[in-house]
Amino acid sequence: MIKILRYTEYLYLAVAVISIYKIATLWSINPKDTYIFIFFAVVSIAMFVFRRRYRKRFEQRKKDNQQ
């Protein structure tokens, strides 16, 4: 289960990178079209941080219970 949580973390990070790339390429053409990608980038980065913190807390709790 822990490995699945790690992969989902990096999935959010991949979505953020793709969104940032789209922002960079579309900004000079039409800035209004980039607002949705800005939203996706911010939410994806926030979810990455949240999931990472949650997974580390879960691993620590599991380690503490085994000792």
Identify each donor-acceptor pair in which a side-chain atom of residues 32-52 lies under 3.5 Å from a protein atom, sequence neighbours left out, and give them as a table.
{"residue": "D33", "atom": "OD2", "partner": "N30", "partner atom": "ND2", "Å": "3.2"}
{"residue": "T34", "atom": "OG1", "partner": "P31", "partner atom": "O", "Å": "2.6"}
{"residue": "S44", "atom": "OG", "partner": "F40", "partner atom": "O", "Å": "2.7"}

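Within the structure, side-chain hydrogen bond (donor to acceptor under 3.5 Å, both in side chains) contacts touching residues 16-25 (residues at least two apart or in different chains) do not occur.
When the options K56, K62, R55 are evaluated for a side chain to side chain donor-acceptor pair (under 3.5 Å) with E59, the one that passes is R55.
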